[in-house]
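Counting starts at 1 for both ligands and their atoms, in listed order.
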Amino acid sequence: MKKILVIGAAGQIGSELVPYLRKIYGDNNVVATYNYTPLPLELVEGGPSEKIDATQGVALNDIVKKHSIDTIFNLVAVLSAKGEANPQMSWKINMDTTFNCFEVMKEIKGAVFMPSSIGAFGPTTPPDHTPQDTLMRPTTIYGISKVAAELLGDYYYLKYGVDARGLRYPGIISNVTLPGGGTTDYAVEIYYEAIKKKSYTCNLSAGTFLDMMYMPDALRSAVELMEADPAKLVHRNCFNVTSMSFDPEMIAAAIREHMPEFRLEYNIDPIKQAIANSWPNSMDDSAARQEWGWKHEYDLKTMTIDMLEKVSAKLKVSDTR
Ligand code: SER
């Protein structure tokens, strides 16, 4: 990776991936792009940036040529719950961007990183220790677009030599930019509400187990996969990766270790609950561990300590503004 384009740089992952990549590859070698949501000032000042609608192939091609891009991180996605509110729009944004990324990289046989998701699995997938290679019949438009993107990645690799690699991310927990419209968002919101109100009303039920990962592990896993020796990759696109699996009661208990008075209540969102019920309880990520050495660093306990500290500091800063 010498010249990198990050599409969707203003989002939850992009806003942290851009500075992470700039530290590794040099500020001028990472171009941050955005469309509707403006970039945080830090990203604008920290290196090159462009406004672009990546569903438009010609516009994407122009930016790739202008900056001599050889690697794209495509982080554009309408997440699971939001996608169900407008499946047509979700499909168009998710798939047009994905297709254009592969198309523009085929000429130069460049590389594309595409996050897939636990959402690529469905109700007929084995829910416990979900294998790397298994039944994938998702029931959300988000999941269907993720499976299609995984298959397109394989197709462009086999047919055109595009170095398409990807990870099936679990819910990502972070403290810089909030996620939006996802089923796993509760696991981020719970920390903010714990600090603001010492209580949280959860929209998924007790006993809903889902895989999760803290942002530092998510960033490192993306770079480690893209830097992995291709000769060792059997799967390439897309790997199960996870750091932990918990239900709302477990994350509440982890918060209570530091805030004994924290209260958890429930008000179930039937759409999100149905989506969560169709996803794995816990994935088996041994293929990633074997093929390119994936190893998570944060578990629920260490992530909770860091989240409470960072979110407290962040909310105190914004209080005094
Ligand atoms: N975090 C995503 C969602 O909940 C899953 O990949 O939609």
Side-chain angles (χ1 to χ4, degrees), residues 8 11-17 73-87 89-91 93-95 97-98 113-123 125 127 130 136 138-150 153 166-192 202-205 208-215 217-219 221-222 225 237-248 251 268-283 285 288 296 298 303 307:
Q12 185 199 11
I13 299 177
S15 61
E16 296 199 54
L17 183 66
F73 283 73
N74 174 27
L75 306 173
V76 170
V78 179
L79 294 182
S80 58
K82 192 171 174 193
E84 292 312 291
N86 191 341
M89 178 267 303
S90 173
W91 176 261
I93 292 178
N94 294 356
M95 291 318 299
T97 308
T98 300
F113 173 84
M114 195 80 69
S116 186
S117 160
I118 48 173
F121 298 112
T125 300
T130 301
M136 299 177 80
T139 47
T140 61
I141 198 74
Y142 173 70
I144 296 167
S145 70
K146 287 299 182 192
V147 173
E150 288 191 19
L167 300 171
R168 291 184 190 130
Y169 276 139
I172 306 288
I173 294 158
S174 65
N175 51 56
V176 174
T177 304
L178 288 170
T183 302
T184 58
D185 293 6
Y186 93 86
V188 179
E189 291 159 4
I190 195 168
Y191 289 106
Y192 282 79
C202 187
N203 51 29
L204 296 182
S205 66
T208 305
F209 280 82
L210 291 167
D211 283 296
M212 302 280 175
M213 184 182 286
Y214 196 30
M215 184 63 92
D217 278 340
L219 302 178
S221 63
L225 172 66
N237 176 51
C238 235
F239 287 93
N240 288 2
V241 279
T242 183
S243 300
M244 58 193 105
S245 164
F246 57 73
D247 83 325
I251 189 170
I268 307 306
D269 175 333
I271 294 178
K272 288 193 177 181
Q273 187 65 51
I275 294 173
N277 290 348
S278 77
W279 290 353
N281 300 326
S282 66
M283 287 187 290
D285 62 1
H296 70 276
Y298 285 89
M303 175 181 76
M307 276 297 282

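Between Trp279 and Tyr142, the two ring planes are tilted [angle within 30° to 60°]. Ring geometry, Phe113 versus Phe73: the interplanar angle falls from 30° to 60°, so the pair is classed tilted.
A donor-acceptor contact under 3.5 angstrom links the side chains of Thr183 and Ser80, judged on distance only. Residues Ser15 and Thr177 bring a donor and an acceptor atom of their side chains to less than 3.5 Å of each other.
For atom 4 (O) of ligand 1, the closest non-hydrogen atom on the protein side is Thr183 N, 2.6 Å. For atom 1 (N) of ligand 1, the closest non-hydrogen atom on the protein side is Thr184 OG1, 2.8 Å.
Residue contact check: Ser117 has heavy atoms under 4.0 Å from atoms 5 (C), 6 (O) of ligand 1. Heavy-atom proximity to Tyr142, at under 4.0 Å, picks out these atoms of ligand 1: 2 (C), 5 (C), 6 (O), 7 (O). Annotation for ligand 1: atoms under 4.0 Å from non-hydrogen atoms of Ser80 are 3 (C), 4 (O), 7 (O). The ligand atoms of ligand 1 that sit less than 4.0 angstrom from a heavy atom of Leu79 are 7 (O).
In this structure, the side chains of Ile190 and Cys202 stay at 4.5 Å or more apart for every pair of heavy atoms. Between Gln12 and Met215, the closest side-chain pair of non-hydrogen atoms falls below 4.5 Å.
Heavy atoms of Trp279 found under 4.0 angstrom from ligand 1 belong exclusively to the side chain.
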